[in-house]
Amino acid sequence: MSLASLIRERRTIRKFNQTPVAEELVVELLNEAAGLFPSSDTVIWRCLYAGTSESRTRLADYMLEQMTGSRLGKWIPGKMIELFKKRFTDIPGHVVVIAGTGPDRRASNRNYAAVCSILQNFQLLGWERQLGMLWDTEPMMQSEEFFKRIGVRENERFVGIIHLGYFDKAPRGRARTSAEKKWTVYTGRKA
């Protein structure tokens, strides 16, 4: 399969089957993805893998603390919370991705962009192995308390959680936005 076909055919997967994902496969794909990133700079990043029932439950609890602790969250019915938790813990694996920050904003942003590039490679490599993924950065994960719970250190930045697993059916592709719709010619004059 060509790279262009792989990019076009990859889908975000939201419904996974129960086939376990071997930790060794995740490490292999992450190593391969990092090896495909062309850089003379050292990319600073690390991952936490939640692949056991216990670790998936703990991660779900950390996420739910933020949601249920809010003023609106107190109104969410317990059955909905349990449904969310079950849906989350049924996903075979979760890779929590954390990037290092640099001495200044530019260095931090370059490192963050490099980690995002590696994660895109990871998703494409996984797709070749019939491994589906969803890159998640939901607002309920964007809190200092959640970061503390998962162990984000000083000089680190949360990138997201990659939910992953095998799937039975890939969703259809959606229409893509053409480049022309995102295109503006800069003339140097005020708008």
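Note that the structure is predicted; figures quoted are calculated from it, not measured.
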- [ ] Flag the pair Asp90 and Arg56 as a salt bridge only when some basic side-chain nitrogen lies within less than 4.0 angstrom of an acidic carboxylate oxygen.
- [x] no
Open item on the list: Any salt bridge linking Glu82 with Lys86? Criterion: basic side-chain nitrogen under 4.0 Å from a carboxylate oxygen.
Closed with: no
- [ ] Given side chain to side chain contact (heavy atoms under 4.5 Å, CB included), test Arg58 with Ser55 step by step and report yes or no.
- [x] CA-CA 5 Å; Arg58 190 174 27 232; Ser55 62; 4.2 Å; yes
Open item on the list: Looking at Ser117 and Ala113, would you say the former's side chain and the latter's main chain have a donor-acceptor pair under 3.5 Å?
Closed with: no
Within the structure provided, determine whether [X] and [Y] are in side-chain contact (heavy-atom separation under 4.5 Å).
X      : Y      : answer
Pro92  : Asn17  : no
Leu134 : Ile91  : no
Val96  : Tyr62  : no
Ile161 : Met63  : yes
Arg176 : Lys181 : no
Val159 : Cys116 : yes
Met133 : Trp127 : no

Task: Pair Tyr166-Gln18, side chain to side chain contact (heavy atoms under 4.5 Å, CB included): steps then yes or no - done: CA-CA 8 Å; Tyr166 296 99; Gln18 294 301 303; over 6 Å; no
Path from [X] to [Y] over hydrophobic side-chain contacts below 4.5 Å:
X      : Y      : answer
Leu30  : Ile44  : no
Phe122 : Val97  : yes
Leu131 : Phe167 : no
Tyr112 : Leu36  : yes
Ile162 : Val115 : yes

Give me the atom names and distance for the closest heavy-atom approach of [X] to [Y].
X      : Y      : answer
Phe16  : Gly132 : CE2-O, 3.3 Å
Asn121 : Ala33  : ND2-O, 3.3 Å
Gln120 : Trp135 : N-CZ3, 4.5 Å
Asn111 : Ala99  : ND2-CB, 3.8 Å
Tyr49  : Gly93  : OH-CA, 3.8 Å
Thr12  : Arg14  : CG2-NH1, 3.4 Å

Evaluate whether atom [atom1] of [X] has more than 12 neighbouring non-hydrogen atoms of other residues, nucleotides or ligands under 6.0 angstrom away.
X      : atom1 : answer
Glu145 : CD    : yes
Arg110 : CZ    : no
Arg46  : CZ    : yes
Glu23  : CD    : no

Could you state the interatomic distance from [atom1] ([X]) to [atom2] ([Y]), rounded to the nearest 0.5 Å?
X      : Y      : atom1 : atom2 : value
Glu32  : Glu128 : CD    : CD    : 7.5 Å
Ile13  : Asp168 : CD1   : CG    : 10.0 Å
Leu25  : Leu125 : CG    : CG    : 10.0 Å
Arg149 : Glu65  : CZ    : CD    : 4.0 Å
Glu9   : Arg11  : CD    : CZ    : 7.5 Å
Asp104 : Asn109 : CG    : CG    : 9.0 Å

Task: Geometric class of the Phe146/Phe158 ring pair [parallel <30°, tilted 30-60°, perpendicular >60°] - done: perpendicular
Task: Plane angle bin for His163 and His94 - parallel if under 30°, tilted between 30 and 60°, otherwise perpendicular - done: perpendicular
TODO: Go through the steps to decide whether Asp61 and Lys85 satisfy the test side chain to side chain contact (heavy atoms under 4.5 Å, CB included), and finish with yes or no.
DONE: CA-CA 8 Å; Asp61 288 341; Lys85 185 173 180 176; 2.6 Å; yes
Open item on the list: For a side chain to side chain contact (heavy atoms under 4.5 Å, CB included) check, start with the C-alpha distance between Leu48 and Leu59, then their side-chain angles and the critical distance, and finish with the verdict.
Closed with: CA-CA 10 Å; Leu48 310 169; Leu59 188 58; over 6 Å; no
